[in-house]
Q: 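Quick one: structure below, then a few questions.
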Amino acid sequence: MGPDGFGDLLAARAAYTRAGWYALPQPLPEAVVDRLCGSVTHISGQDRPEVVFEDGSRVVRALHGCHRFDAACAALTRLPPFVALAETLVGEPVYVYQFKVNLKQPFEGRAWPWHQDFAFWLREDGMPTPNAVNIAVFLDDVHTGNGPLTVIPGSHRLGLLDIDTAPRSAGGRDWRRHVSADLEYMVAEERVAVLAEDLGRYVAVGGRGTCFAFHPSIVHASSNNESADRRAMLLITYNAVGNAPPSPSRPPFLVDRDTTPLTADGGFSW
(Lines give C-alpha, C1' and ligand atoms only; values in the text may rest on other atoms or scores of the structure.)
Protein backbone atom coordinates (compact mmCIF):
# COMPACT_ATOMS: atom_id res chain seq x y z
CA MET A 1 0.00 0.00 0.00
CA GLY A 2 1.69 3.18 -1.17
CA PRO A 3 0.95 6.72 0.08
CA ASP A 4 -1.45 7.27 -2.83
CA GLY A 5 -3.26 3.96 -2.36
CA PHE A 6 -6.47 5.58 -1.16
CA GLY A 7 -6.96 7.84 -4.13
CA ASP A 8 -6.72 11.52 -4.89
CA LEU A 9 -5.90 13.42 -1.70
CA LEU A 10 -7.10 16.72 -3.08
CA ALA A 11 -10.49 15.20 -3.94
CA ALA A 12 -10.56 13.70 -0.45
CA ARG A 13 -9.97 17.11 1.10
CA ALA A 14 -12.74 18.68 -0.99
CA ALA A 15 -15.22 15.97 0.02
CA TYR A 16 -14.19 16.15 3.66
CA THR A 17 -14.51 19.94 3.74
CA ARG A 18 -17.97 19.78 2.20
CA ALA A 19 -19.51 16.86 4.10
CA GLY A 20 -17.23 16.37 7.10
CA TRP A 21 -16.97 12.79 5.94
CA TYR A 22 -14.83 10.88 3.46
CA ALA A 23 -15.04 7.16 2.66
CA LEU A 24 -11.67 5.77 1.57
CA PRO A 25 -12.00 3.84 -1.69
CA GLN A 26 -9.90 0.82 -0.67
CA PRO A 27 -10.28 -1.43 2.39
CA LEU A 28 -7.36 -2.51 4.53
CA PRO A 29 -5.92 -5.87 3.49
CA GLU A 30 -7.30 -8.93 5.28
CA ALA A 31 -3.90 -9.67 6.85
CA VAL A 32 -3.86 -6.25 8.51
CA VAL A 33 -7.40 -6.60 9.85
CA ASP A 34 -6.68 -10.12 11.11
CA ARG A 35 -3.61 -8.94 13.00
CA LEU A 36 -5.52 -6.03 14.55
CA CYS A 37 -8.36 -8.33 15.59
CA GLY A 38 -5.82 -10.56 17.28
CA SER A 39 -4.54 -7.57 19.24
CA VAL A 40 -8.08 -6.61 20.24
CA THR A 41 -8.80 -10.11 21.54
CA HIS A 42 -5.55 -10.18 23.50
CA ILE A 43 -5.98 -6.73 25.05
CA SER A 44 -9.65 -7.33 25.90
CA GLY A 45 -8.62 -10.14 28.23
CA GLN A 46 -6.15 -8.02 30.17
CA ASP A 47 -6.75 -6.31 33.50
CA ARG A 48 -5.67 -2.75 32.74
CA PRO A 49 -7.26 0.72 32.92
CA GLU A 50 -7.34 1.04 29.12
CA VAL A 51 -10.06 -1.63 28.99
CA VAL A 52 -13.51 -0.09 29.58
CA PHE A 53 -16.65 -2.12 30.29
CA GLU A 54 -20.34 -1.51 29.72
CA ASP A 55 -21.95 0.03 32.81
CA GLY A 56 -22.57 -2.53 35.54
CA SER A 57 -21.03 -5.47 33.69
CA ARG A 58 -17.81 -7.10 32.54
CA VAL A 59 -18.74 -6.75 28.88
CA VAL A 60 -15.90 -4.96 27.13
CA ARG A 61 -17.10 -1.69 25.59
CA ALA A 62 -13.86 -0.09 24.44
CA LEU A 63 -10.07 -0.23 24.45
CA HIS A 64 -8.05 2.98 24.69
CA GLY A 65 -4.51 4.02 23.89
CA CYS A 66 -3.57 0.65 22.39
CA HIS A 67 -0.95 2.26 20.13
CA ARG A 68 1.08 3.00 23.27
CA PHE A 69 1.77 -0.67 24.02
CA ASP A 70 0.71 -2.84 21.05
CA ALA A 71 3.03 -3.11 18.04
CA ALA A 72 0.32 -3.68 15.43
CA CYS A 73 -1.77 -0.74 16.64
CA ALA A 74 1.31 1.50 16.67
CA ALA A 75 2.21 0.41 13.13
CA LEU A 76 -1.31 1.19 11.91
CA THR A 77 -1.02 4.81 13.02
CA ARG A 78 2.05 5.18 10.76
CA LEU A 79 0.50 3.55 7.71
CA PRO A 80 1.51 5.84 4.80
CA PRO A 81 -2.01 6.29 3.35
CA PHE A 82 -3.38 7.24 6.80
CA VAL A 83 -0.61 9.71 7.57
CA ALA A 84 -0.82 11.26 4.10
CA LEU A 85 -4.60 11.63 4.35
CA ALA A 86 -4.48 13.09 7.87
CA GLU A 87 -1.80 15.60 6.93
CA THR A 88 -3.79 16.62 3.86
CA LEU A 89 -7.02 17.10 5.83
CA VAL A 90 -5.51 19.15 8.68
CA GLY A 91 -2.88 20.91 6.57
CA GLU A 92 0.21 20.22 8.68
CA PRO A 93 2.15 17.43 10.43
CA VAL A 94 0.10 15.29 12.80
CA TYR A 95 0.45 13.16 15.91
CA VAL A 96 -1.86 10.59 17.51
CA TYR A 97 -4.17 12.38 19.93
CA GLN A 98 -6.40 9.38 20.66
CA PHE A 99 -6.55 5.73 19.70
CA LYS A 100 -9.46 3.50 20.61
CA VAL A 101 -11.45 0.47 19.60
CA ASN A 102 -15.20 0.72 20.24
CA LEU A 103 -16.65 -2.75 20.68
CA LYS A 104 -20.32 -3.58 20.48
CA GLN A 105 -20.64 -7.14 21.69
CA PRO A 106 -23.48 -9.31 20.30
CA PHE A 107 -26.82 -8.31 21.86
CA GLU A 108 -24.99 -6.42 24.65
CA GLY A 109 -23.17 -3.53 23.00
CA ARG A 110 -24.85 -0.28 24.01
CA ALA A 111 -25.42 2.87 21.98
CA TRP A 112 -23.34 6.01 21.71
CA PRO A 113 -25.78 8.95 21.95
CA TRP A 114 -25.72 11.86 19.51
CA HIS A 115 -22.64 13.98 20.15
CA GLN A 116 -19.69 15.86 18.69
CA ASP A 117 -16.19 14.72 19.58
CA PHE A 118 -14.75 18.22 19.69
CA ALA A 119 -17.05 19.11 22.60
CA PHE A 120 -15.04 16.71 24.78
CA TRP A 121 -11.67 17.73 23.40
CA LEU A 122 -12.34 21.44 23.88
CA ARG A 123 -14.12 21.29 27.25
CA GLU A 124 -12.03 18.58 28.88
CA ASP A 125 -8.61 18.97 27.30
CA GLY A 126 -8.49 22.55 26.04
CA MET A 127 -7.85 21.64 22.39
CA PRO A 128 -7.71 25.07 20.68
CA THR A 129 -9.54 24.24 17.42
CA PRO A 130 -11.14 21.20 15.73
CA ASN A 131 -8.16 20.88 13.36
CA ALA A 132 -7.98 17.13 13.80
CA VAL A 133 -9.45 14.12 12.03
CA ASN A 134 -10.78 10.70 12.98
CA ILE A 135 -9.88 7.77 10.75
CA ALA A 136 -12.09 4.75 11.41
CA VAL A 137 -11.55 1.12 10.44
CA PHE A 138 -14.20 -1.60 10.57
CA LEU A 139 -12.71 -4.70 12.19
CA ASP A 140 -15.99 -6.57 11.61
CA ASP A 141 -18.66 -6.50 8.93
CA VAL A 142 -21.03 -3.69 9.87
CA HIS A 143 -24.74 -3.79 9.02
CA THR A 144 -27.85 -1.98 10.16
CA GLY A 145 -28.50 -4.45 12.97
CA ASN A 146 -25.20 -4.37 14.86
CA GLY A 147 -25.03 -0.72 15.79
CA PRO A 148 -23.55 1.19 12.84
CA LEU A 149 -22.28 4.74 13.08
CA THR A 150 -24.71 7.36 11.74
CA VAL A 151 -23.57 10.88 10.86
CA ILE A 152 -25.30 14.10 9.85
CA PRO A 153 -23.31 15.18 6.76
CA GLY A 154 -22.32 18.84 6.79
CA SER A 155 -23.16 19.36 10.46
CA HIS A 156 -19.49 20.05 11.19
CA ARG A 157 -19.91 23.45 9.55
CA LEU A 158 -22.32 24.55 12.29
CA GLY A 159 -19.78 24.50 15.11
CA LEU A 160 -20.57 23.06 18.53
CA LEU A 161 -24.27 22.67 19.34
CA ASP A 162 -25.99 22.75 22.74
CA ILE A 163 -22.60 22.96 24.48
CA ASP A 164 -20.91 25.60 26.61
CA THR A 165 -17.76 26.23 24.58
CA ALA A 166 -15.63 27.41 27.51
CA PRO A 167 -12.97 24.90 28.59
CA ARG A 168 -13.62 23.45 32.02
CA SER A 169 -11.30 24.00 34.93
CA ALA A 170 -9.18 21.00 35.88
CA GLY A 171 -10.16 18.69 38.71
CA GLY A 172 -13.21 16.73 39.77
CA ARG A 173 -14.05 15.39 36.34
CA ASP A 174 -14.94 11.75 35.75
CA TRP A 175 -13.51 10.62 32.43
CA ARG A 176 -15.74 7.52 32.48
CA ARG A 177 -18.67 9.71 31.41
CA HIS A 178 -16.72 10.40 28.23
CA VAL A 179 -16.56 6.74 27.24
CA SER A 180 -19.88 5.32 28.46
CA ALA A 181 -23.42 5.23 27.10
CA ASP A 182 -24.19 8.07 29.54
CA LEU A 183 -22.17 10.75 27.74
CA GLU A 184 -21.50 14.06 29.43
CA TYR A 185 -21.90 16.15 26.26
CA MET A 186 -24.73 15.26 23.91
CA VAL A 187 -26.70 16.88 21.11
CA ALA A 188 -30.43 16.91 21.83
CA GLU A 189 -32.64 14.53 19.87
CA GLU A 190 -34.87 17.46 18.87
CA ARG A 191 -31.90 19.27 17.39
CA VAL A 192 -30.80 16.14 15.52
CA ALA A 193 -34.27 15.69 14.02
CA VAL A 194 -34.15 19.20 12.57
CA LEU A 195 -30.60 18.75 11.30
CA ALA A 196 -31.43 15.43 9.68
CA GLU A 197 -34.42 16.93 7.90
CA ASP A 198 -32.17 19.61 6.41
CA LEU A 199 -28.95 17.67 5.87
CA GLY A 200 -29.94 14.01 5.81
CA ARG A 201 -28.27 11.07 7.55
CA TYR A 202 -25.56 8.71 6.46
CA VAL A 203 -25.38 5.22 7.96
CA ALA A 204 -21.88 3.75 7.77
CA VAL A 205 -22.16 0.09 6.84
CA GLY A 206 -19.68 -2.09 5.00
CA GLY A 207 -17.31 -5.02 5.11
CA ARG A 208 -14.40 -5.50 7.49
CA GLY A 209 -11.47 -3.33 6.49
CA THR A 210 -13.69 -0.44 5.39
CA CYS A 211 -12.05 2.90 6.24
CA PHE A 212 -13.40 6.44 6.47
CA ALA A 213 -12.46 9.82 7.88
CA PHE A 214 -14.79 12.14 9.77
CA HIS A 215 -14.56 15.61 11.28
CA PRO A 216 -14.36 16.23 15.06
CA SER A 217 -17.44 18.48 14.96
CA ILE A 218 -19.73 16.28 12.87
CA VAL A 219 -22.86 15.17 14.75
CA HIS A 220 -22.90 11.38 15.04
CA ALA A 221 -24.27 8.47 17.04
CA SER A 222 -24.65 4.70 16.95
CA SER A 223 -27.41 2.39 18.12
CA ASN A 224 -27.43 -0.69 20.34
CA ASN A 225 -26.17 -3.93 18.86
CA GLU A 226 -29.33 -5.99 18.47
CA SER A 227 -27.72 -8.78 16.47
CA ALA A 228 -25.55 -11.85 17.03
CA ASP A 229 -22.66 -10.14 15.22
CA ARG A 230 -19.98 -8.15 17.02
CA ARG A 231 -19.26 -4.65 15.76
CA ALA A 232 -15.69 -3.53 16.40
CA MET A 233 -14.60 -0.16 15.05
CA LEU A 234 -11.05 1.12 15.47
CA LEU A 235 -10.54 4.89 15.57
CA ILE A 236 -7.34 6.88 15.26
CA THR A 237 -7.59 10.61 15.98
CA TYR A 238 -4.81 12.54 14.30
CA ASN A 239 -4.35 16.06 15.64
CA ALA A 240 -2.35 18.85 14.02
CA VAL A 241 0.90 19.27 15.93
CA GLY A 242 0.21 23.00 16.25
CA ASN A 243 -3.22 22.26 17.75
CA ALA A 244 -2.07 20.22 20.74
CA PRO A 245 -3.85 21.02 24.04
CA PRO A 246 -1.44 22.93 26.30
CA SER A 247 -2.10 21.03 29.53
CA PRO A 248 -4.47 18.04 29.25
CA SER A 249 -5.44 16.41 32.55
CA ARG A 250 -7.31 13.29 31.44
CA PRO A 251 -5.37 9.99 31.54
CA PRO A 252 -2.63 9.60 28.91
CA PHE A 253 -4.44 6.60 27.41
CA LEU A 254 -7.28 9.01 26.53
CA VAL A 255 -5.14 12.01 25.56
CA ASP A 256 -1.63 11.17 24.36
CA ARG A 257 1.06 13.61 25.53
CA ASP A 258 3.54 12.68 22.79
CA THR A 259 3.08 15.36 20.12
CA THR A 260 6.08 14.32 18.03
CA PRO A 261 5.11 14.56 14.33
CA LEU A 262 4.44 11.13 12.90
CA THR A 263 6.68 9.69 10.22
CA ALA A 264 4.94 7.36 7.80
CA ASP A 265 6.28 3.82 7.83
CA GLY A 266 4.84 0.95 5.83
CA GLY A 267 7.47 -1.60 6.76
CA PHE A 268 5.65 -3.49 9.50
CA SER A 269 5.32 -7.23 8.88
CA TRP A 270 1.60 -7.90 9.10
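Everything quoted here is computed from the prediction, not taken from an experiment.
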Q: Kindly compute the distance separating OG1 (Thr77) from CG (Leu262), expressed to the nearest 0.5 Å.
A: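 Atom-to-atom, Thr77:OG1 and Leu262:CG are 5.5 Å apart.
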Q: Between Leu149 and Val151, is there a side-chain heavy-atom distance shorter than 4.5 Å?
A: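 Of all side-chain heavy-atom pairs linking Leu149 with Val151, at least one is under 4.5 Å.
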Q: Looking at Glu226 and Phe107, would you say the former's side chain and the latter's main chain have a donor-acceptor pair under 3.5 Å?
A: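 It does not hold such a pair.
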Q: When you measure from the side chain of Asp141 to the backbone N and O of Arg208, does any donor-acceptor pair fall under 3.5 Å?
A: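 Checked: pair present.
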Q: Starting from the C-alpha separation in whole Å, work towards a yes-or-no answer on side-chain contact (heavy atoms from CB on, under 4.5 Å) for Leu235 and Ile135.
A: CA-CA 6 Å; Leu235 296 130; Ile135 294 184; over 6 Å; no
Q: Taking the side chain from Thr17 and the backbone from Arg13, do they hold a donor-acceptor pair closer than 3.5 Å?
A: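 Judged by distance alone, yes, a pair lies under 3.5 Å.
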Q: Can you check whether Leu28 reaches Leu79 side chain to side chain, under 4.5 Å on heavy atoms?
A: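 Leu28 reaches Leu79 side chain to side chain.
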Q: Under a 3.5 Å distance rule, please check whether Gln105 uses its side chain to pair with a backbone N or O of Arg230 as donor and acceptor.
A: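 Not at all, since once roles are kept as given, no pair shorter than 3.5 Å links the two residues.
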Q: As a quick check of understanding, evaluate side-chain contact (heavy atoms from CB on, under 4.5 Å) for His156 and Val219, giving each step before the final call.
A: CA-CA 7 Å; His156 66 298; Val219 177; over 6 Å; no
Q: For the residue pair Ala221 and Pro113, what are the closest heavy atoms and their distance?
A: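 So the minimum-distance heavy-atom pair works out to CB-C, 3.7 Å.
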Q: Please report the interatomic distance SG(Cys66) to CD1(Ile43), rounded to the nearest 0.5 Å.
A: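 The CD1 atom of Ile43 is 4.0 Å from SG of Cys66, to the nearest 0.5 Å.
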Q: With side-chain contact (heavy atoms from CB on, under 4.5 Å) as the criterion, how do Lys100 and Val52 come out once you've worked through the C-alpha distance, each side chain's angles and the decisive distance to 0.1 Å?
A: CA-CA 10 Å; Lys100 56 183 174 284; Val52 173; over 6 Å; no
Q: Can you name the one residue among Tyr202, Phe82, Trp21 that meets ring pair (Phe, Tyr, Trp, His ring centres under 6.0 Å) with Phe212?
A: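 Among the candidates, only Trp21 passes.
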Q: Consider only side-chain heavy atoms of I, L, V, M, F, W and Y, link residues closer than 4.5 Å, and tell whether Leu103 and Val142 are in one cluster.
A: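 Not linked; separate clusters.
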Q: So, does Asp265 use its side chain to make a donor-acceptor pair with the main chain of Arg78 at under 3.5 Å?
A: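 No, because the side chain of Asp265 does not come within donor-acceptor range (under 3.5 Å) of the backbone of Arg78.
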Q: Checking side-chain contact (heavy atoms from CB on, under 4.5 Å) between Asn131 and each of Val90, Leu89, Val94, which is the one that passes?
A: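 Checked Val90, Leu89, Val94 against Asn131; only one passes side-chain contact (heavy atoms from CB on, under 4.5 Å): Val90.
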Q: Taking all heavy atoms of Ala119 and all of Leu160, pick out the closest pair and write down the distance.
A: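 The answer is N-CD2, 3.7 Å.
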Q: Mind listing the closest non-hydrogen atom pair of Ala111 and Asn224 along with its distance?
A: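 So the two residues come closest at N-OD1, 2.7 Å.
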Q: How many angstroms lie between CG in Leu36 and CG in Leu139, if you round to the nearest 0.5 Å?
A: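 Nearest 0.5 Å value for the CG-CG distance: 6.0 Å.
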Q: Salt-bridge test for Glu124 and Arg250: reply yes if a basic N is under 4.0 Å from a carboxylate O, no otherwise.
A: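 So Glu124 does not pair with Arg250 through a salt bridge.
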Q: So, taking the atom named OG in Ser155 and the one named CG in Leu195, what distance separates them when rounded to the nearest 0.5 Å?
A: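 That separation rounds to 6.5 Å.
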Q: For Arg61, which of Glu50, Glu108, Glu54 qualifies under salt bridge (Lys or Arg N to Asp or Glu O under 4.0 Å)?
A: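 Testing each of Glu50, Glu108, Glu54 against Arg61, the sole residue satisfying salt bridge (Lys or Arg N to Asp or Glu O under 4.0 Å) is Glu54.
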Q: So which atom in Ser227 and which in Asn146 form the shortest heavy-atom distance, rounded to 0.1 Å?
A: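 Looking at all heavy atoms of both residues, the closest pair is OG-CB, 3.3 Å.
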Q: I want to check a possible cation-pi pair here: Arg48 against Phe69, using under 6.0 Å from ring centre and within 45° of the ring axis as the test.
A: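 Yes, Arg48 and Phe69 form such a contact.
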Q: Can Arg58 be said to sit on top of Phe53's aromatic six-ring, NZ or CZ under 6.0 Å from centre and within 45° of the ring axis?
A: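 That pair qualifies as a cation-pi contact.
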Q: Can you tell me if Asp117 uses its side chain to pair, donor with acceptor, with the backbone of Trp121 under 3.5 Å?
A: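 Pair absent, no side-chain N/O of Asp117 close to backbone of Trp121.
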Q: Does Met233 share a hydrophobic cluster with Phe120, counting links as ILVMFWY side-chain heavy atoms below 4.5 Å and allowing steps through other members?
A: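 No, it is not one cluster - the side chains of Met233 and Phe120 are not joined through contacts under 4.5 Å.
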Q: Starting from Val51, can I reach Leu234 by hopping between I/L/V/M/F/W/Y residues whose side chains sit under 4.5 Å apart?
A: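 Hydrophobic grouping puts Leu234 with Val51.
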Q: Counting only N and O atoms by type, is there a donor-acceptor contact under 3.5 Å from the side chain of Asn239 to the main-chain atoms of Tyr97?
A: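 A pair under 3.5 Å: no.
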Q: Can you confirm whether Arg35 sits close enough to Trp270 that some side-chain heavy atom of one is under 4.5 Å from a side-chain heavy atom of the other?
A: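 Of all side-chain heavy-atom pairs linking Trp270 with Arg35, at least one is under 4.5 Å.
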Q: For the residue pair Val60 and Ser44, what are the closest heavy atoms and their distance?
A: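 For Val60 versus Ser44, the nearest heavy atoms are CG2-O, 3.9 Å.
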Q: Please list all pairs passing the ring pair (Phe, Tyr, Trp, His ring centres under 6.0 Å) test where one or both residues lie in residues 218-251, with sequence neighbours left out.
A: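 For residues 218-251: His115-His220, Phe214-His220.
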Q: If only atom types and distance count, is the side chain of Glu87 paired as donor or acceptor with the main-chain N or O of Pro93 below 3.5 Å?
A: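 No, because the side chain of Glu87 does not come within donor-acceptor range (under 3.5 Å) of the backbone of Pro93.
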Q: Find out if a path of hydrophobic residues (ILVMFWY) with successive side-chain heavy-atom gaps under 4.5 Å connects Tyr95 to Met127.
A: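 Linked within one cluster.
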Q: Phe118, Leu158: one ILVMFWY side-chain cluster at the under-4.5 Å cut-off?
A: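 No, because Phe118 and Leu158 fall into different hydrophobic clusters, even though each may have its own neighbours under 4.5 Å.
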Q: Should Pro130 and Gln116 count as side-chain neighbours, where that means a heavy-atom distance under 4.5 Å?
A: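 Heavy-atom side-chain distance check fails, nothing below 4.5 Å.
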Q: Hey, what do you get for CD (Gln98) to NE2 (His67), rounding to the nearest 0.5 Å?
A: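 Reported to 0.5 Å precision, the distance equals 9.5 Å.
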Q: Answer whether the closest heavy-atom distance between the side chains of Val137 and Thr210 falls below 4.5 Å.
A: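 The answer is no; the side chains never approach within 4.5 Å.
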Q: For Gln46, does the CD atom have more than 12 heavy-atom neighbours from other residues, nucleotides or ligands under 6.0 Å away?
A: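 More than 12 within 6.0 Å, yes.
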Q: For Val96 and Thr237: C-alpha separation, side-chain torsions, deciding distance, then whether side-chain contact (heavy atoms from CB on, under 4.5 Å) applies.
A: CA-CA 6 Å; Val96 178; Thr237 300; over 6 Å; no
Q: Take the angle between the ring planes of His215 and Tyr16 and call it parallel below 30°, perpendicular above 60°, tilted in between.
A: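 His215 vs Tyr16 ring planes: tilted.
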Q: Out of curiosity, Cys37 SG to Asp140 CG, how far, rounded to the nearest 0.5 Å?
A: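 The SG atom of Cys37 sits 6.0 Å away from the CG atom of Asp140.
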Q: Might you point out which heavy atoms bring Gly20 and Ile218 nearest each other, and give the distance in Å?
A: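 The answer is O-CD1, 3.5 Å.
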